[in-house]
**Q** 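This is the structure I have questions about; it appears just below.
Just so it is clear, the model here is predicted, and its values are computed rather than measured.
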Amino acid sequence: MPHSKEIGTDAQPKEDVKLTHCESVTLKDILQTRLIECGWRKQIEQFIREKIAERGNQTITSEELAAEIVPQARAMVPENVRNEMMIRVREALESSLTRE
């Protein structure tokens with residue numbers, strides 16, 4: 001997946017390093033907070049409302065909605081949030097390497 005916006009890097013890890021559950025939860029919480037602070041969440045909520053309104057009376061499954069929303073939502077994550085999270089993930093992975 002070269003130049004993927006999803007992961008932000010093309011580098012392959014040298015070792016199979018995993019984060020602890022606590023580290024993962026902490027990173028997830030930070031990401032959620034940053035996305036709320038920058039208004040991303042409100043933008044996505046509005047985008048979802050628009051997609052549902054476009055469908056009118058047609059039924060839409062959550063899977064179909066997600067297939068339409070997720071790529072756009074990922075692309076809408078601000079670069080500063082993406083960069084901050086990449087730094088935090090790298091730091092967490094590096095610290096887990098030193099614990100082993």
Side-chain angles (χ1 to χ4, degrees):
M1 221 182 327
H3 308 293
S4 174
K5 281 286 233 176
E6 290 181 43
I7 58 174
T9 182
D10 298 330
Q12 295 297 318
K14 294 181 181 176
E15 299 178 32
D16 189 21
V17 181
K18 298 196 186 226
L19 299 175
T20 66
H21 176 71
C22 183
E23 290 169 325
S24 295
V25 169
T26 301
L27 288 169
K28 181 181 170 187
D29 290 344
I30 292 169
L31 176 60
Q32 287 178 339
T33 301
R34 294 297 183 268
L35 291 174
I36 291 168
E37 289 173 351
C38 73
W40 177 89
R41 184 177 173 122
K42 288 196 181 292
Q43 289 178 316
I44 297 306
E45 288 171 357
Q46 183 60 37
F47 189 57
I48 291 169
R49 285 187 193 98
E50 291 169 6
K51 287 293 179 184
I52 291 171
E54 285 175 12
R55 292 283 184 123
N57 291 338
Q58 297 176 348
T59 58
I60 184 170
T61 66
S62 57
E63 291 83 13
E64 291 171 333
L65 185 59
E68 289 185 42
I69 299 297
V70 169
Q72 183 73 22
R74 285 184 177 150
M76 291 170 62
V77 173
E79 272 306 306
N80 64 325
V81 174
R82 187 181 309 272
N83 292 338
E84 176 188 355
M85 293 310 300
M86 288 299 298
I87 291 167
R88 288 181 181 268
V89 168
R90 281 190 188 119
E91 288 171 353
L93 289 172
E94 287 171 359
S95 71
S96 68
L97 272 175
T98 59
R99 284 193 309 262
E100 293 177 357

**Q** Under the side-chain hydrogen bond (donor to acceptor under 3.5 Å, both in side chains) rule, collect the residues that match up with Q58, sequence neighbours excluded.
**A** none
**Q** Return the set of residues passing side-chain hydrogen bond (donor to acceptor under 3.5 Å, both in side chains) with E84 (not counting sequence neighbours), or none when no residue passes.
**A** R34, R88
**Q** Are V81 and I36 co-members of a hydrophobic cluster defined by side-chain heavy atoms under 4.5 Å apart?
**A** no
**Q** Applying side-chain contact (heavy atoms from CB on, under 4.5 Å), can you list everything that pairs with D29, at least two apart in sequence or on another chain?
**A** V25, Q32
**Q** Using the side-chain hydrogen bond (donor to acceptor under 3.5 Å, both in side chains) criterion, which residues pair with T26? Sequence neighbours excluded.
**A** none
**Q** Please name all residues satisfying side-chain contact (heavy atoms from CB on, under 4.5 Å) with I52, sequence neighbours left out, ordered by chain then number.
**A** I48, L65
**Q** Which value, rounded to the nearest 0.5 Å, describes the distance between L35 atom CG and M85 atom CE?
**A** 8.5 Å
**Q** Please name the pair of heavy atoms, one in R82 and one in R74, separated by the smallest distance, quoted to 0.1 Å.
**A** NH2-O, 2.8 Å
**Q** If the condition is side-chain contact (heavy atoms from CB on, under 4.5 Å), which residues does E54 pass it with, not counting sequence neighbours?
**A** K51
**Q** Among residues at least two apart in sequence or on other chains, which ones pass salt bridge (charged side-chain N to carboxylate O under 4.0 Å, His left out) with E45?
**A** R41
**Q** Is there a path of hydrophobic side-chain contacts, each under 4.5 Å between heavy atoms of I, L, V, M, F, W or Y residues, that connects I30 with I44?
**A** yes
**Q** Can you name the side-chain contact (heavy atoms from CB on, under 4.5 Å) partners of T20, sequence neighbours left out?
**A** C22, E23, R99
**Q** Is there a continuous path of hydrophobic side-chain contacts, each under 4.5 Å between heavy atoms, that joins F47 to I60?
**A** yes
**Q** Taking all non-hydrogen atoms of both residues into account, name the closest pair between A66 and P71 and its distance.
**A** O-CD, 4.1 Å
**Q** Over all heavy atoms of both residues, which pair between W40 and A73 is shortest? Give the atoms and the distance, please.
**A** NE1-O, 3.0 Å
